[in-house]
Student: 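Below are the C-alpha cells for one structure; questions will follow.
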Amino acid sequence: MLPGFLARAVQLLLGRQGRSLHLRAAGGATVVLAVVMLIGSWAVVAAEDGARRANLRTYPQALWWSIETATTVGYGDFYPVTLGGRIIAAVVMIVGITTYGMVTAALATWFVGREQQRRHHLARSAEELGEQTAHALHERFDRLERLMAGKGERG
C-alpha cells in the first residue's frame, strides 16, 4: 500500500506538464528530502550502532533527529557521535536547507507571478478603456464636424 501511495504522490508532484519549473523543482526537492530523511534515519542508526555515547539507537529517535536536522532546529537532544553519523547529518542538513530554500523561492515566485498577472490585467483594462474613450471622442468630433459643415452650407 505504501509504495503505491508514494508512487502516486511522486507522480502528483512531478508529473504535471502544465506546472511551472519552480513548482516542479520545489516538489522534486521535497520528495528528495523525504527520501533522504527516511534513508538517513536508518543509516544513522546503523552508523551509530554500538558506538560509545551513541544516543541515536532507534529508528523513531533517528527520524525525529532527521526532522530536527533538516529543518535546522537542532534541539540537541539527539546527535551523531561517529564520523559516519556526522557525514549522514551533513547530507541531511544540506538537502534540508536546499529544499526549504527552493520551497521558499517557489512561494515567492508564485506571489510575484500573481502580482504581475494582476498588473498586466489592470494595464490591459486601462488600455482598452483608453481606446474606447478615444474612439468615442473621435465619433463626437466627427459628428460635430458634420454638424458644423451642415450649418456652414446653410448660412
Side-chain angles (χ1 to χ4, degrees), residues 1-140:
M1 181 171 130
L2 189 60
F5 168 76
L6 288 176
R8 283 192 301 275
V10 169
Q11 183 180 14
L12 180 67
L13 285 170
L14 302 177
R16 302 243 172 129
Q17 294 300 324
R19 289 195 175 165
S20 61
L21 176 61
H22 65 275
L23 194 58
R24 284 186 284 152
T30 302
V31 169
V32 169
L33 175 61
V35 169
V36 166
M37 286 172 43
L38 292 170
I39 293 172
S41 298
W42 168 81
V44 80
V45 169
E48 298 285 300
D49 188 38
R52 207 175 110 241
R53 298 185 338 246
N55 59 21
L56 289 166
R57 293 187 181 101
T58 66
Y59 187 77
Q61 288 174 334
L63 191 55
W64 175 249
W65 163 82
S66 70
I67 292 168
E68 288 178 340
T69 302
T71 59
T72 68
V73 171
Y75 292 124
D77 51 350
F78 297 109
Y79 50 89
V81 296
T82 64
L83 177 63
R86 290 180 178 168
I87 291 171
I88 294 164
V91 171
V92 172
M93 285 180 224
I94 291 168
V95 173
I97 291 166
T98 302
T99 299
Y100 292 116
M102 289 179 77
V103 169
T104 302
L107 280 172
T109 303
W110 181 78
F111 281 120
V112 168
R114 295 274 305 205
E115 180 62 17
Q116 285 177 339
Q117 286 176 350
R118 187 185 71 80
R119 287 184 182 189
H120 177 73
H121 178 72
L122 286 174
R124 183 69 188 138
S125 295
E127 184 180 317
E128 287 174 2
L129 182 61
E131 289 172 3
Q132 290 171 356
T133 303
H135 182 70
L137 285 173
H138 282 293
E139 285 182 359
R140 279 191 159 171

Student: Just grab all the side-chain hydrogen bond (donor to acceptor under 3.5 Å, both in side chains) pairs involving residues 34-54, residues at least two apart or on different chains.
Tutor: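 Passing the test, one end in residues 34-54: S41-S66, E48-T82.
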Student: Donor-acceptor pairs under 3.5 angstrom involving side-chain atoms of residues 110-118: please list them, not counting sequence neighbours.
Tutor:
{"residue": "E115", "atom": "OE1", "partner": "R118", "partner atom": "NE", "Å": "3.2"}
{"residue": "E115", "atom": "OE2", "partner": "R118", "partner atom": "NH2", "Å": "2.7"}
{"residue": "E115", "atom": "OE2", "partner": "R119", "partner atom": "NE", "Å": "2.9"}

Student: Nearest 0.5 Å please: distance from the OG1 atom of T30 over to the OH atom of Y100.
Tutor: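 The OH atom of Y100 is 8.0 Å from OG1 of T30, to the nearest 0.5 Å.
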Student: Going by side chain to side chain contact (heavy atoms under 4.5 Å, CB included), name the residues that satisfy it together with A43, two or more places apart in sequence or in a different chain.
Tutor: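 Expected list: I88.
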Student: Please list, one pair per line, the donor and acceptor atoms closer than 3.5 Å that link side chains of residues 54-61 to other protein atoms, with sequence neighbours excluded.
Tutor:
{"residue": "N55", "atom": "OD1", "partner": "Y79", "partner atom": "N", "Å": "3.1"}
{"residue": "R57", "atom": "NE", "partner": "A54", "partner atom": "O", "Å": "3.4"}
{"residue": "R57", "atom": "NH1", "partner": "A54", "partner atom": "O", "Å": "3.4"}
{"residue": "R57", "atom": "NH2", "partner": "A54", "partner atom": "O", "Å": "2.6"}
{"residue": "T58", "atom": "OG1", "partner": "Q61", "partner atom": "N", "Å": "3.3"}
{"residue": "T58", "atom": "OG1", "partner": "Q61", "partner atom": "OE1", "Å": "3.4"}
{"residue": "Y59", "atom": "OH", "partner": "L38", "partner atom": "O", "Å": "3.1"}
{"residue": "Q61", "atom": "OE1", "partner": "R57", "partner atom": "N", "Å": "3.0"}
{"residue": "Q61", "atom": "OE1", "partner": "T58", "partner atom": "N", "Å": "3.2"}

Student: Applying salt bridge (Lys or Arg N to Asp or Glu O under 4.0 Å) as the test, list every pair that has at least one member in residues 66-94; sequence neighbours left out.
Tutor: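 Every pair satisfying salt bridge (Lys or Arg N to Asp or Glu O under 4.0 Å) with a residue in residues 66-94: there are none.
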Student: Scan for salt bridge (Lys or Arg N to Asp or Glu O under 4.0 Å) pairs involving residues 121-130, sequence neighbours excluded, and state none if there are none.
Tutor: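 Every pair satisfying salt bridge (Lys or Arg N to Asp or Glu O under 4.0 Å) with a residue in residues 121-130: R124-E127, R124-E128.
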Student: Test of understanding: with side chain to side chain contact (heavy atoms under 4.5 Å, CB included), list the residues that count as partners of V36, not counting sequence neighbours.
Tutor: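 If we apply the side chain to side chain contact (heavy atoms under 4.5 Å, CB included) test to V36, skipping adjacent residues, the hits are V32, V91, V92, V95.
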Student: Show the nearest heavy-atom pair for residues G85 and V44, with the distance to one decimal.
Tutor: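 Nearest heavy atoms, G85 then V44: CA-CG2, 3.9 Å.
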Student: For residues 129-136, dump all side-chain donor-acceptor pairs below 3.5 Å to protein atoms at least two apart in sequence or in another chain.
Tutor:
{"residue": "T133", "atom": "OG1", "partner": "L129", "partner atom": "O", "Å": "2.8"}
{"residue": "H135", "atom": "NE2", "partner": "E139", "partner atom": "OE2", "Å": "2.8"}

Student: Tell me every residue that passes side chain to side chain contact (heavy atoms under 4.5 Å, CB included) with T98, counting only those two or more places apart in sequence or in another chain.
Tutor: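 For T98, the residues satisfying side chain to side chain contact (heavy atoms under 4.5 Å, CB included) (neighbours in sequence not counted) are I94, M102.
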Student: What heavy-atom pair brings P80 and A89 nearest, and what distance separates the two atoms?
Tutor: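 In terms of heavy atoms, the two residues are closest at CG-CB, 4.0 Å.
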Student: Search all heavy atoms of W65 against all heavy atoms of F78 and return the closest pair with its distance.
Tutor: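 Closest pair (atom of W65, atom of F78, distance): CD1-O, 3.3 Å.
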Student: Listed by chain and number, what are the side-chain hydrogen bond (donor to acceptor under 3.5 Å, both in side chains) partners of T99, not counting sequence neighbours?
Tutor: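 Counting only residues at least two positions away or on another chain, T99 forms no side-chain hydrogen bond (donor to acceptor under 3.5 Å, both in side chains).
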